[in-house]
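Structure record follows, encoded as structure tokens.
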Amino acid sequence: MGGPGLYSGIGKKAKDLLYRDYQTDHKFTLTTYTANGAAITATSTKKADLILGEIQSQIKNKNITVDVKANSASNVITTITADDLAAPGLKTILSFAVPDQKSGKVVELQYLHDYAGINASIGLTANPVVNLSGAFGTSALALGADVSLDTATKNFTKYNAALSYTNQDLIASLNLNNKGDSLTASYYHIVEKSGTAVGAELTHSFSSNENSLTFGTQHTLDPLTLVKARINNSGKASALIQHEFMPKSLCTISAEVDTKAIEKSSKVGIAIALKP
């Protein structure tokens with residue numbers, strides 16, 4: 001379906017290019033499939049001296065998907081998603097966490113239309129936080145807003161706005177975040193037929209009068225290998241190489257260095273995702 005998509009998708013292409021898969025930890029992910037089609041994913045992440053684990057199982061039956069995720073902090077999060085259950089384009093999501101039920105959402109609704117994308121969610125507590133976001137327009141030009149209301153205090157905890165423009169090889173967006181305190185402009189451009197894309201993100205904080213700029217690029221060496229690099233105005237430079245050594249199985253090696261403090265050791269992260 002065409003249309004503007006959801007509010008969360010505005011500026012996502014640039015963010016994925018600049019931040020996705022960059023990490024300085026060691027991460028291993030293994031996904032297996034049972035005879036009835038259920039997917040089980042085990043993830044282990046080493047952060048400094050800590051090892052964090054997570055197990056996730058996913059079962060699909062027609063338009064119903066059930067995800068159960070347990071982590072090393074003893075939290076179990078269950079998410080039930082129903083696609084096109086009540087009407088075409090409507091997705092219903094029910095999620096809850098054990099033992100911290102207050103962190104979950106009772107229900108979340110997503111509706112996609114040719115000229116609108118709406119997302120609404122409500123918390124689990126007696127006085128919940130209600131979130132409503134929407135994007136309106138077309139696949140080429142969209143305007144959106146994102147608002148959260150704390151019903152206990154009757155105060156808005158979040159109100160953001162965004163504008164995006166998209167054509168065949170360029171995506172530009174403007175986001176007003178943090179209750180109007182910061183303005184972010186992002187840019188994503190595909191260099192035609194070269195397998196290369198470039199992106200940039202500039203954020204200005206009105207309260208501190210500070211700017212932050214991140215510029216990055218990615219290039220497809222071949223259908224199985226991707227390289228990326230980025231640098232920001234603080235002098236931190238990162239690079240990664242990602243290779244699909246088996247179908248849907250990826251090995252990603254990334255590194256980060258502070259160009260203003262070369263004497264410090266660079267950080268290197270390795271992530272392996274196996275899907276037999």
Please check if the side chain of [X] supplies one atom and the backbone of [Y] the other of a donor-acceptor pair under 3.5 Å.
X	Y	answer
His189	Asp169	yes
Ser194	Thr196	yes
Ser234	Lys236	no
Asn160	Asn178	yes
Tyr22	Ala229	yes
Asn155	Thr157	no
Ser249	Lys275	yes
Asp150	Lys154	no

For the [atom1] atom of [X] and the [atom2] atom of [Y], what is their distance to the nearest 0.5 Å?
X	Y	atom1	atom2	value
Gln242	Leu250	CD	CG	4.5 Å
Glu108	Lys91	CD	NZ	9.0 Å
Asp83	Gln110	CG	CD	9.0 Å
Ile80	Phe96	CD1	CZ	5.5 Å
Leu221	Leu226	CG	CG	7.5 Å
Ser254	Asp21	OG	CG	8.5 Å

Presence of salt bridge, Lys47 and Asp25, under 4.0 angstrom: yes
Taking NZ, NE, NH1 and NH2 as the nitrogens, is one of them in Asp16 or Lys12 under 4.0 Å from a carboxylate oxygen of the other?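 So Asp16 pairs with Lys12 through a salt bridge.
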[Y] reachable from [X] in the ILVMFWY side-chain graph, under 4.5 Å edges:
X	Y	value
Leu202	Leu183	no
Val107	Val130	yes
Ile272	Leu30	yes
Phe156	Tyr7	no
Val191	Leu170	no

Can you give me the closest heavy-atom contact between [X] and [Y], atom names plus distance?
X	Y	value
Thr259	Gly235	OG1-O, 2.5 Å
Pro4	Ala142	CB-CB, 3.6 Å
Lys179	Lys158	CE-N, 4.2 Å
Thr79	Ser95	OG1-CB, 3.8 Å
Phe215	Leu18	C-CD2, 3.8 Å
Thr217	Leu17	N-CD2, 3.8 Å

Pair [X]-[Y], side-chain donor/acceptor within less than 3.5 Å:
X	Y	value
Ser182	Ser205	no
Thr184	Thr203	yes
Asn131	Asp146	yes
Thr151	Asn127	no
Glu201	Tyr19	yes

Close side-chain approach of [X] and [Y], heavy atoms under 4.5 Å:
X	Y	answer
Asn175	Ile10	yes
Val68	Val76	yes
Glu256	Arg230	yes

Could you go through Thr31 and Leu274, starting from their C-alpha distance and side-chain angles, then the distance that decides it, and tell me whether this counts as side-chain contact (heavy atoms from CB on, under 4.5 Å)? CA-CA 6 Å; Thr31 301; Leu274 293 176; over 6 Å; no
Classify the angle between the aromatic ring planes of His113 and Tyr115 as parallel (below 30°), tilted (30 to 60°) or perpendicular (above 60°). tilted
Given side-chain contact (heavy atoms from CB on, under 4.5 Å), test Leu141 with Leu163 step by step and report yes or no. CA-CA 8 Å; Leu141 184 64; Leu163 175 69; 4.2 Å; yes
Ring pair (Phe, Tyr, Trp, His ring centres under 6.0 Å) partners for Phe28, two or more places apart: none
Residues in ring pair (Phe, Tyr, Trp, His ring centres under 6.0 Å) contact with His204, at least two apart in sequence or another chain: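 Counting only residues at least two positions away or on another chain, His204 forms a ring pair (Phe, Tyr, Trp, His ring centres under 6.0 Å) with Phe206.
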Is atom NZ of Lys13 surrounded by more than 12 heavy atoms (other residues, nucleotides or ligands) closer than 6.0 Å?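 No, not enclosed.
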Residues Ile118, Ser133; criterion side-chain contact (heavy atoms from CB on, under 4.5 Å); working and verdict: CA-CA 6 Å; Ile118 299 173; Ser133 65; over 6 Å; no
Go through Thr45 and Thr43 one step at a time and tell me if the side-chain contact (heavy atoms from CB on, under 4.5 Å) criterion holds. CA-CA 7 Å; Thr45 304; Thr43 302; 4.0 Å; yes
Between Asp181 and Ser207, is the side chain to side chain donor-acceptor pair (under 3.5 Å) condition met? List the steps. CA-CA 6 Å; Asp181 181 62; Ser207 58; 3.0 Å; yes
Indicate every side-chain donor-acceptor pair of residues 49-61 with a distance under 3.5 Å to a residue at least two apart or in another chain.
from	atom 1	to	atom 2	distance (Å)
Gln56	NE2	Asp67	OD1	2.9
Gln58	NE2	Asp67	OD1	3.0
Gln58	NE2	Asp67	OD2	3.4

